[in-house]
Amino acid sequence: MTERNCVSYTTMIMGLVQKGFWSEGIWVFRDMRWFGVGPNEVTMVNVISAYLHCGGIKVDKMLHGLVLKIGVTGFVHVCTNLLHLYCFRGCLKDASVLFNEMPEKNVVSWNVMLNGYTKAGLVDLGKEVFEQIVDKDVVSWGTIIDGYLQAARLNDAVKIYREMLYTGLRPNDIMIVDFLSTCGQVMSNFEGKQFHGVAVKLGFDLLDFIQATIIHFYAACGAVDLAHLQFEIGNKDHVACWNALIAGLVRNRKINEARDLFDHMPARDVFSWSSMISGYSQSEQPDLALGLFHEMLASGVKPNEITMVSVVSSIASLGTLKEGRWAHDYICKSSIPLNDNLSATLIDMSEYFPDNFMGLNTKLISLSSLSWPMFGLTD
DNA sequence: ATAGGGTTAG
């Protein structure tokens, strides 16, 4: 660095953040602070953005304090980014306080607040925010629609969608993905087919991620032939399309066809391996599941908590204590996060080995985020 | 100069 001033630091931070080098951007920011160079509003926008993507240490309050200290609360970009940071961390209380105090709000600020509520599952609160937006754009509509879809309220989402059409706005590719994905999940054949039609009319079915979602939708509704057809006419360079069809075949109990496709893939990611392993695990072929899991490790793809559910479940049905110990160890050592499903599967496995897994149950229950209904206490 | 929705695995 030639000169340590605000502009040169800010330019450097901005360059790094735009290229996705978040932690490097933060490093430069800390250097800037160390040398006592004062940031401006552009610095703050980029630094907040870097912390947003970096996870790690929670410095939200420090950034907020700094924003107040250097007096840039009047810049709507700065406050909107800060709002985004609070929402992303799940601090909706802090977010709404900031939102109400913001001297200026534009449609992006409103959309960030709206997204904060819907992503937290508070879609009805989100709807209240949505209704107050005077200049709703396609992102505002898409965000509230996705909120209803995530809550599996397909009819409410379609109702809002029609209101949007009436205002003259047209859906974008992301909205179509949201609808088709939910139609697959709740097996709404009728609505899904119509959104497929919308996608074709708007030319979105040329996009690879839409193609993968269409395959997923048809397979989830049991229309394997239509899923196959979309795969055949689509872009086979996109690994998600292969994954969607493999998962669809597995779901429809066509495990050998799935394996054939899996063997002919140009590249396999964690989705491909997990789908195939879960296919064997669910079709009572735990030995094949574990064999494939070891091939996965050898190929260098790192398993995650979803892969490990199938692996642990397969080990439980084989009753091989040594493998069970190894898998439990592997999960701890690789810091694979325990979700409800994986905790339950580990507890289930431990019951096959009562003597050797003494104490594991209580440890897991206290460590995990297991919801009480899983224990049947509410029924 | 700087900002906001998303897909495929259980």
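Residue numbers start from 1 in every chain, and the chains themselves are labelled A, B, ... in the order their sequence lines are given, proteins ahead of strands.
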J.: Counting side-chain heavy atoms from C-beta on, which of B:dG5, B:dG10, B:dT2 comes nearest to A:Val42?
T.: B:dT2
J.: Can you identify which nucleotide, out of B:dG5, B:dA9, B:dT7, has its nearest atom closest to the A:Ile174 side chain?
T.: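 My answer, after comparing the listed nucleotides, is B:dG5.
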J.: So if I take every side-chain heavy atom of A:His77 and compare against B:dG5, B:dA3, B:dA9, which nucleotide ends up nearest?
T.: B:dA3
J.: Round to the nearest Å and state the distance from A:Leu63 atom CG to B:dT2 atom C1'.
T.: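 These atoms are roughly 15 Å apart.
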J.: Parallel, tilted or perpendicular, judged at 30° and 60°: which one describes the rings of A:His84 and A:Phe88?
T.: perpendicular
J.: Rounded to whole angstrom units, what separation is found between the CG atom of A:Asn81 and the P atom of B:dT2?
T.: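 About 12 Å, once rounded to whole Å.
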J.: Without decimals, in angstroms, what is the distance between A:Leu114 CG and B:dG5 P?
T.: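 It is 11 Å, rounded to the nearest whole Å.
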J.: Which residues within residues 210-236 of chain A lie with some heavy atom under 4.0 Å of an atom in DNA chain B?
T.: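 A:Thr213, A:His216 - these, ordered by number, are the residues of the stretch whose heavy atoms sit under 4.0 Å from the strand.
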J.: Given B:dT8, B:dA9, B:dA3, which nucleotide is nearest the side-chain atoms of A:Ser274?
T.: B:dA9
J.: Of all the choices, B:dT7, B:dG5, B:dA9, which nucleotide is nearest to the side chain of A:Val138 once you look at every atom?
T.: B:dG5
J.: If you check every side-chain atom of A:Met14, which of B:dA3, B:dA9, B:dT2 has the closest atom?
T.: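 Nearest listed nucleotide: B:dT2.
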J.: Could you walk me through whether A:His64 and A:Tyr86 pass the ring pair (Phe, Tyr, Trp, His ring centres under 6.0 Å) test, one step at a time?
T.: CA-CA 10 Å; A:His64 196 165; A:Tyr86 279 134; 5.6 Å; yes
J.: Quick one: is A:Arg268 getting a side-chain N or O under 4.0 Å of the B:dA9 phosphate, OP1 or OP2?
T.: no
J.: Figure out the CG/C1' separation between A:Asp269 and B:dT7, and round it to whole Å.
T.: 13 Å
J.: Under the ring-ring contact (aromatic ring centres under 6.0 Å, His included) test against A:Trp273, which residue among A:Trp242, A:Phe293, A:Phe262 passes?
T.: A:Phe262
J.: Does the distance from a Lys or Arg side-chain N to an Asp or Glu carboxylate O, for A:Asp263 and A:Arg259, drop under 4.0 Å?
T.: yes
J.: What do you reckon, are the aromatic ring centroids of A:Trp110 and A:Phe130 less than 6.0 Å apart?
T.: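 Ring-ring flag for A:Trp110/A:Phe130: false, centres at least 6.0 Å apart.
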J.: What verdict does the salt bridge (charged side-chain N to carboxylate O under 4.0 Å, His left out) test give for A:Asp94 and A:Arg89, after you've listed the backbone C-alpha separation in whole Å, the side-chain angles of each residue and the deciding distance to 0.1 Å?
T.: CA-CA 10 Å; A:Asp94 293 317; A:Arg89 306 268 197 235; over 6 Å; no
J.: Nearest to the side chain of A:Asn115 - B:dA3, B:dA9, B:dG5?
T.: B:dG5
J.: Nearest-Å distance, CG (A:Leu249) to P (B:dA9)?
T.: 12 Å
J.: Closest to the A:Ser181 side chain: B:dA9, B:dA3, B:dT7?
T.: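 For the A:Ser181 side chain, the nearest candidate turns out to be B:dT7.
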J.: By side chain to side chain contact (heavy atoms under 4.5 Å, CB included), which residues pair with A:Gln194, not counting sequence neighbours?
T.: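 So A:Gln194 forms a side chain to side chain contact (heavy atoms under 4.5 Å, CB included) with A:Phe190.
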J.: Starting at CZ of A:Phe88 and ending at C1' of B:dA3, how long is that distance when rounded to a whole Å?
T.: 15 Å
J.: Go through B:dT2, B:dT8, B:dA9 for me and flag the one nearest to the A:Gln185 side chain.
T.: B:dT8
J.: Which part of the nucleic acid, if any, lies within contact of A:Asn304, taking any heavy atom under 4.0 Å across all strands shown: a base, the sugar-phosphate backbone alone, or nothing?
T.: base
J.: Do the rings of A:His53 and A:Trp22 sit parallel, tilted or perpendicular, given the 30° and 60° boundaries?
T.: parallel
J.: For A:Leu52 and B:dG5, give me the distance from atom CG to atom P, rounded to whole Å.
T.: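 After rounding, the reported distance stands at 9 Å.
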J.: Which one, B:dG5, B:dT7, B:dT8, comes nearest to the side chain of A:His84?
T.: B:dG5
J.: Under the 3.5 Å rule, do the base of B:dA3 and the side chain of A:Asn106 count as making a donor-acceptor pair?
T.: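 For A:Asn106, whose side chain was compared with the base of B:dA3, there is a donor-acceptor pair (under 3.5 Å).
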J.: Between A:Lys119 (NZ) and B:dG5 (C1'), how many Å, whole number?
T.: 6 Å
